[in-house]
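First up is the structure itself, then whatever we jot down about it.
Every chain is numbered from 1 and lettered A, B, ... according to where its sequence line falls, protein lines coming before strand lines. Predicted model only: the values in this text are computed from it and were never measured.
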Amino acid sequence: MQPDHLTHRGSTPFSFELIHTDRQTGARAGILHTAHGDVPTPVYCPVGTQATVKSLDPRDLAELDTPMILGNTYHLYLRPGADLVERMGGLHAFMGWHRPILTDSGGYQVFSLRDLRQVDDDGVTFRSHIDGSTHRFTPESVVRIQEQLGSDIAMVLDECAEPEDHAYNREALRRTHLWAERCLQAHQRPDQALFGIVQGGIHADLRAQSAAHLASLGFPGYAIGGLSVGESKADMHRILRVLNPIMPAAKPRYLMGVGSPEDIVQCVALGVDMFDCVLATRLARNGAVFTPEGRVNLRNAQFREDPRPIQADCDCYTCRSFSRAYLRHLIIAQEILAARLNTIHNLAFMLRLARDVRQAILEDRFSAFHDTFLATYQTADAHARRANRDAFRASRNTDA
RNA sequence: GGGCAGGUACCCAAGCGGCCAAAGGGGACUGACUGUAAAUCAGUUGGCUACGCCUUCGGAGGUUCGAAUCCUUCCCUGCCCA
């Protein structure tokens with residue numbers, strides 16, 4: 001369907017081409033060559049956990065020029081089942097998306113579904129969030145499931161931990177390293193890349209140790225997991241600063257589960273090449289949209305009769321066609337179109353941001369881009385927060 | 001004209017002597033959301049010179065230490081009978 005994205009490369013279809021490093025910041029621009037086509041980096045990947053980017057279809061994603069999306073091992077294993085997806089021709093064919101797919105291993109569910117699972121050195125046992133049935137995940141089974149799904153990039157099973165507790169993170173790290181080796185051993189599919197995942201919470205010593213150990217195993221790409229799970233931005237940035245100089249420069253760095261628009265800009269400056277995040281799509285479904293001036297909650301009464309599009313200079317279908325007043329109406333009326341139109345805009349915003357960032361890097365002007373973007377975006381954000389805080393205080397004063 | 005059932009906050013609706021500024025919905029308003037158990041979740045929703053006071057349960061009057069709750073009367077709504 002997209003011949004331009006089908007660049008097969010024999011038995012080693014995956015590679016990372018580092019094209020340019022920004023002179024001032026060290027931010028990187030490159031290309032991921034995958035079995036289903038090339039992905040320019042830095043890249044932001046929309047999340048399609050259950051073989052769909054919620055509320056959109058592949059045509060929408062193609063129109064947005066989405067380079068790559070995520071799927072999820074845990075969720076697709078439970079429903080509809082990896083065997084079924086395999087019989088249906090693999091995840092790409094099953095969901096009608098023929099560009100690259102990255103699958104998460106279920107490591108995040110170790111964190112998000114922590115009340116429903118038990119971890120031991122050999123793997124993780126989940127009680128299904130759907131029907132309560134018991135399911136065992138091991139490094140080998142997780143690799144096998146992802147091979148059945150046929151994603152272009154698969155992830156090792158890892159233990160995404162609460163970021164604070166040093167002792168627990170050391171244990172989780174030990175297991176994650178054990179599992180990384182076993183995943184590598186088990187992995188067979190030559191048209192699929194398997195990435196390792198650096199863990200270690202907010203602890204620089206553990207992170208350094210993890211990065212070194214995984215590098216010694218020789219993965220084609222490295223993810224940074226266990227961030228943006230409750231720790232402060234300062235901690236997240238500190239850890240990225242620790243990792244930036246010690247992660248293999250020739251391999252892609254994937255910051256899992258991040259982030260917001262400002263996260264993308266800030267973390268690219270700290271050497272990250274790949275991102276994925278549910279934030280854009282989830283916020284969209286809950287009525288919040290991105291603008292260059294910051295996040296806007298379209299439910300707010302101030303937009304009731306606002307004839308403007310979300311963002312005047314945005315070329316997405318939503319901004320070309322609809323007013324804030326209409327979008328607000330759809331949200332308030334709980335119409336499904338609201339989710340779709342808002343999602344289209346938020347993804348357009350994120351994907352454009354990644355493209356703009358990349359262009360700025362290629363032209364050695366990323367530093368200025370970074371400063372300008374954050375000054376505009378964070379100022380608006382700060383204004384909004386201050387206004388909210390004042391309103392909150394005022395309401396407290398009135399109540400008390 | 002007679003009989004019956006009703007009139008409670010923005011709407012619907014519980015309460016039927018004190019624990020009632022008044023349950024529960026809805027609506028409205030606000031916030032949160034970062035490898036998706038999320039088209040979800042949380043808070044606010046009479047006023048004020050606020051650890052207390054003022055106004056409010058159709059209107060007016062009364063009983064009572066105390067009334068949304070009991071009594072009288074008037075107004076209004078619905079149904080039934082003339």
Residues passing the side-chain contact (heavy atoms from CB on, under 4.5 Å) test with A:Q311, sequence neighbours excluded, are A:P292, A:D313, A:C314, A:C319, A:H345, A:F349, A:R352
For a quick check, tell me whether the side chain of A:D104 and the base of B:rG35 share a donor-acceptor pair closer than 3.5 Å. yes
Members sharing A:I31's hydrophobic cluster, built from side-chain contacts under 4.5 Å between Ile, Leu, Val, Met, Phe, Trp and Tyr, are A:I19, A:L362
| task | Please work out which of the three classes, parallel, tilted or perpendicular, describes the rings of A:F195 and A:F14, given edges at 30° and 60°. | result | perpendicular
Q) How would you label the contact of A:L70 with the nucleic acid (heavy atoms, under 4.0 Å): base, sugar-phosphate, or nothing? A) sugar-phosphate
Under a 4.0 Å heavy-atom cutoff, the residues of residues 106-131 of chain A touching RNA chain B are A:Y108, A:Q109, A:S112, A:L113, A:L116, A:H129
Between A:T103 and A:Q146, is there a side-chain donor-acceptor contact under 3.5 Å, judged purely by atom types and distance? yes
In whole Å, what separates the P atom of B:rA68 from that of B:rG61?
-> 15 Å
Exercise for review: Go through A:L353 and A:F373 one step at a time and tell me if the side-chain contact (heavy atoms from CB on, under 4.5 Å) criterion holds.
Suggested key: CA-CA 10 Å; A:L353 178 61; A:F373 178 87; 3.7 Å; yes
Distance test, side-chain N/O of A:N297 to OP1/OP2 of B:rC29, below 4.0 Å | no
Per the under-4.0 Å heavy-atom filter, residues of residues 50-57 of chain A near RNA chain B come out as A:K54
Considering only atom P, compute the distance from B:rU72 to B:rG27 and round it to an integer number of Å. 41 Å
Paired to B:rU56 by Watson-Crick or G-U wobble criteria (both distances under 3.5 Å) is none
Between A:E159 and A:R175 the two heavy atoms that sit nearest each other are OE1-NE, 2.6 Å
Under a 4.0 Å heavy-atom cutoff, the residues of residues 341-350 of chain A touching RNA chain B are none
Can you tell me if A:N169 uses its side chain to pair, donor with acceptor, with the backbone of A:D165 under 3.5 Å? yes
Comparing nearest nucleotides in RNA chain B, the 5'-proximal residue of the pair A:I336, A:A301 is A:A301
message: Is any side-chain heavy atom of A:S105 closer than 4.5 Å to one of A:D158?
response: yes
Hits for ring pair (Phe, Tyr, Trp, His ring centres under 6.0 Å) against A:H203, two or more places apart or cross-chain, chain-then-number order -> A:H166
Against the side chain of A:I332, the closest entry in B:rG35, B:rC29, B:rA39 is B:rC29
Between A:A339 and A:R285, the two heavy atoms sitting closest are CB-CG, 3.7 Å
Contact class for A:D263 (heavy atom, under 4.0 Å): base, sugar-phosphate, or nothing? base
Of the candidates B:rA32, B:rU36, B:rU34, the side chain of A:H75 sits closest to B:rU36
Margin query: With rounding to the closest Å, how many angstrom separate the C1' atoms on B:rA14 and B:rU69?
Written below: 13 Å
Per the under-4.0 Å heavy-atom filter, residues of residues 152-178 of chain A near RNA chain B come out as A:D158, A:C160
Between CZ of A:R295 and C1' of B:rU30 the distance, given in whole Å, is 13 Å
| request: May I ask you to evaluate whether A:N72 reaches the phosphate of B:rU36, defined as a side-chain N or O under 4.0 Å from OP1 or OP2? | output: yes
With sequence neighbours left out, the residues meeting ring pair (Phe, Tyr, Trp, His ring centres under 6.0 Å) with A:Y326 are A:F322
Residue pairs passing the side chain to side chain donor-acceptor pair (under 3.5 Å) test with at least one member in residues 208-230 of chain A, sequence neighbours excluded, are A:H177-A:S210, A:E181-A:H213
Check for me whether the distance between the ring centres of A:Y77 and A:Y74 falls short of 6.0 Å. no
Name the pairs: protein N/O against N/O of nucleotides 40-43 of chain B, kept only if under 3.5 Å.
from, atom 1, to, atom 2, distance (Å)
B:rU40, O4, A:N286, OD1, 3.4

| said: Looking at A:R358 and A:G30, would you say the former's side chain and the latter's main chain have a donor-acceptor pair under 3.5 Å? | reply: yes
Contact check, residues 217-253 of chain A vs RNA chain B, heavy-atom distance under 4.0 Å, returns A:G226, A:S228, A:K233
Same-atom distance (P) from B:rU30 to B:rC79, integer angstrom: 40 Å
Residues A:G259 and A:M350: closest non-hydrogen pair is O-CE, 3.4 Å
Sub-4.5 Å side-chain heavy-atom contact between A:K54 and A:T281:
no
Say we look at B:rA23 and B:rC19: how far apart would their P atoms be, to the nearest angstrom?
13 Å
* **P gap between B:rG52 and B:rA21, integer Å** => 12 Å
**Asked** Closer than 4.0 Å, any side-chain N/O of A:R282 to the OP1 or OP2 of B:rA32?
**Response** no
Is the backbone N or O of A:A186 less than 3.5 Å from a side-chain atom of A:R144, with the two atoms forming a donor-acceptor pair by type?
no
C1' atom, B:rU63 versus B:rU49: distance in rounded Å? 36 Å
With a 4.5 Å cut-off on side-chain heavy atoms, are A:I202 and A:E164 touching? yes
chi for B:rC51 classified (syn = within 90 degrees of 0, anti otherwise) as syn
Looking only at heavy atoms, the pair that brings A:L157 and A:G107 closest together is CD1-N, 4.3 Å
Residue pairs passing the side chain to side chain donor-acceptor pair (under 3.5 Å) test with at least one member in residues 327-340 of chain A, sequence neighbours excluded, are A:D60-A:R340
- Using atom P of each nucleotide, how far apart are B:rG47 and B:rU55 to the nearest Å? 16 Å
